[in-house]
Enquirer: 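First the structure, then my questions, so here it is.
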Amino acid sequence: MQPTVAVTGRAEQRIQAGHLWIYRSDVIDAKAAPGDTVTVLGARGRPVGQALYSDRSQIALRLLSHGAEPADAAFWRQRISGAVAFRKALAIDATAYRLVHAEGDLLPSLIVDRYGDYLVLQSLSQGVEKLLPAITGLLVDLLAPRGILARNDAKVRLLEGLEPRVDALYGEVPASILVREGPIEYEVDPWKGQKTGLFLDQRENRAAAAAYARGRLLDCFSYNGGFAMRLAPHCDEVIAVDISADAVARIAANAARNGLANIEAREANVFDELRRLEREGERFDTIVLDPPAFAKNKASVPKAISGYRDINLRALRLLKPGGTLVTCSCSYNVDEATFGQVVHEAATDALVHVNVLEKRMQGRDHPVLLGVPETYYLKCFILRRIE
Ligand code: SAH
């Protein structure tokens with residue numbers, strides 16, 4: 001018999017409004033095992049849809065389909081093919097990009113990134129974990145990769161009671177894969193690199209920023225030099241700063257690989273480095289701020305906001321009049337309006353006037369799903385300091 005989970009009217013309304021999650025507090029009765037694909041039952045036993053069930057997470061159900069539509073093998077094949085076809089249609093000028101963006105592709109808690117001939121996936125719920133053998137088979141069938149790596153060391157798995165593990169699910173996956181993003185080549189370590197190896201969500205923002213970049217560039221929170229390398233051909237001199245020694249070594253190696261001789265990689269804490277540069281009277285034409293998520297949860301929002309304000313204030317002071325600031329936040333808990341407010345306050349404190357040239361978000365291969373605000377996490381503003 002198909003497992004079922006009965007939910008409240010409030011949960012049904014949430015689904016009708018376009019969200020895909022039902023919280024534990026809205027579960028009335030679960031006749032299901034952890035990770036089962038279940039029929040969600042609403043008022044008077046009406047089927048709301050099929051969903052992935054978790055017995056641990058606060059997100060008890062993640063909706064796959066509506067009404068009586070089954071979430072069987074044919075369903076998964078169709079959804080994944082749809083996501084892949086959408087990326088093809090985008091004609092992305094890169095060999096590394098996201099193929100499946102979880103909720104954004106109506107494939108909740110499943111992430112699949114392409115790195116050249118290899119796939120790197122993340123399974124972020126009990127439901128997807130249970131289906132991994134079938135999903136792996138489908139991916140092999142649809143995409144014929146040389147190997148598939150599961151980067152299942154993301155912290156959110158702990159909320160599902162899932163163990164961290166990194167292993168090849170199919171074929172062999174090397175410790176270094178050569179990929180291209182626009183004109184830039186990267187060596188990526190899918191086993192140990194941050195996220196699945198690269199910050200793929202910034203690809204389009206790097207290209208957009210390149211259109212404004214000039215003169216002296218300061219790339220803060222550079223990781224392996226993503227913005228620095230994409231912008232360097234338009235600049236005279238580039239300083240790329242990251243706190244991680246490993247990242248700084250990668251920036252230098254990537255710069256050399258791409259023949260970019262004007263990049264200097266510095267190992268430093270950006271908060272300290274911005275202060276130091278200000279003391280030394282340094283000035284820049286272009287500055288990028290791409291920090292890690294300062295607000296990982298609601299409780300850390302006030303501290304995150306003061307962090308964002310601090311770096312934006314200092315960057316605006318270091319920027320020459322007429323210069324460009326590319327400022328990002330990947331904290332879902334700090335929404336676009338709040339981030340805009342923080343940047344405004346930083347400009348006011350810095351006594352500068354600023355134009356907003358572009359308000360951007362994560363790349364289109366990381367689609368936002370209307371009705372699921374959690375899918376919109378990356379904000380990227382391109383600003384011009386007027387004077
Ligand atoms: N801009 C990069 C992605 C940045 S990810 C790209 O386009 O690919 C955030 C980076 O910030 C990580 O590499 C991390 O090592 C670094 N980081 C975190 N805290 C930092 C700090 N206080 N000072 C400098 N770097 C920091």
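Just so it is clear, the values below take in all heavy atoms, side chains as well, and ignore hydrogens, waters and symmetry mates. Indexing begins at 1, ligand by ligand and atom by atom, following the structure's order.
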Enquirer: Does the Arg385 side chain pair with the main chain of Thr324, one donor and one acceptor, at a distance under 3.5 Å?
Expert: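 A pair under 3.5 Å: no.
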Enquirer: Identify the protein heavy atom lying closest to atom 22 (N) of ligand 1, giving its residue, its atom name and the separation to 0.1 Å.
Expert: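 The closest heavy atom on the protein side is Asn269 OD1, 3.1 Å.
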Enquirer: Return yes or no for this condition: an N or O of Gln194 is under 3.5 Å from an N or O of ligand 1.
Expert: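 So ligand 1 has an N or O lying under 3.5 Å from an N or O of Gln194.
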Enquirer: Using a 4.0 Å cutoff against the non-hydrogen atoms of Ala268, which atoms of ligand 1 qualify?
Expert: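 Counting from 1, the qualifying ligand atoms are 23 (N), 24 (C).
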Enquirer: Answer yes or no: is there an ion pair linking Glu163 with Arg165, defined by an N-O contact shorter than 4.0 Å?
Expert: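 Judged by the 4.0 Å cut-off on N to carboxylate O distance, Glu163 and Arg165 do not form a salt bridge.
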Enquirer: To check your reading of the model: name the closest protein heavy atom to atom 5 (S) of ligand 1, its residue, and the distance in Å.
Expert: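 Protein heavy atom with the smallest distance to atom 5 (S) of ligand 1: Phe199 CZ, 3.3 Å.
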Enquirer: One thing to verify: whether Glu278 and Arg317 come together as a salt bridge, which I'm taking to mean a side-chain N less than 4.0 angstrom from a carboxylate O.
Expert: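 Salt bridge between Arg317 and Glu278, a charged N being under 4.0 Å from a carboxylate O: yes.
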Enquirer: Using the ring of each side chain (for Trp, its six-membered ring), is Phe339 parallel, tilted or perpendicular to Tyr308, with breaks at 30° and 60°?
Expert: perpendicular
Enquirer: Counting only nitrogen or oxygen atoms and a 3.5 angstrom limit, does Asp290 reach ligand 1?
Expert: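 It does: an N or O of Asp290 is found under 3.5 Å from an N or O of ligand 1.
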Enquirer: Among protein heavy atoms, which sits nearest to atom 25 (N) of ligand 1, and what does the distance come to when rounded to 0.1 Å?
Expert: Ile243 N, 3.1 Å
Enquirer: In the protein, what heavy atom is nearest to atom 8 (O) of ligand 1, and what distance, to one decimal place, separates them?
Expert: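 The closest heavy atom on the protein side is Arg206 NH2, 3.0 Å.
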Enquirer: Can a non-hydrogen atom of Glu273 be found less than 4.0 Å from any atom of ligand 1?
Expert: no
Enquirer: For Arg266 and Val248, work out which heavy atoms get closest and say how close.
Expert: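 In this case the closest contact between Arg266 and Val248 is O-CG2, 3.6 Å.
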Enquirer: Considering heavy atoms of the protein only, find what lies nearest to atom 4 (C) of ligand 1 and give residue, atom and distance to 0.1 Å.
Expert: Phe221 O, 3.1 Å
Enquirer: Would you say the side-chain atoms of Asp219 pair up with the backbone N or O of Gly225, donor to acceptor, closer than 3.5 Å?
Expert: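 No, because the side chain of Asp219 does not come within donor-acceptor range (under 3.5 Å) of the backbone of Gly225.
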Enquirer: Give the residue, atom name and distance (to 0.1 Å) of the protein heavy atom nearest atom 23 (N) of ligand 1.
Expert: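 Residue, atom and distance for the closest contact: Val270 N, 2.8 Å.
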Enquirer: Determine, considering heavy atoms only, which of Cys220, Ala293, Pro292 sits nearest to atom 19 (N) of ligand 1.
Expert: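 Minimum heavy-atom distance to atom 19 (N) of ligand 1 goes to Pro292.
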Enquirer: Tabulate below the donor-acceptor pairs under 3.5 Å that side-chain atoms of residues 174-183 make, not counting sequence neighbours, or state none.
Expert:
residue	atom	partner	partner atom	Å
Ser176	OG	Glu187	OE1	3.0
Arg180	NH1	Asp93	OD1	2.9
Arg180	NH1	Gly182	O	2.8
Arg180	NH2	Asp93	OD1	3.4
Glu181	OE1	Arg206	NH1	2.8
Glu181	OE2	Arg206	NH1	2.9

Enquirer: Considering only protein heavy atoms, which is closest to atom 16 (C) of ligand 1, and at what distance to one decimal place?
Expert: Asp242 OD2, 3.2 Å
Enquirer: Among Thr196, Asp113, Asp365, which residue satisfies the side chain to side chain donor-acceptor pair (under 3.5 Å) criterion with Arg98?
Expert: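 Single pass found, and it is Asp113.
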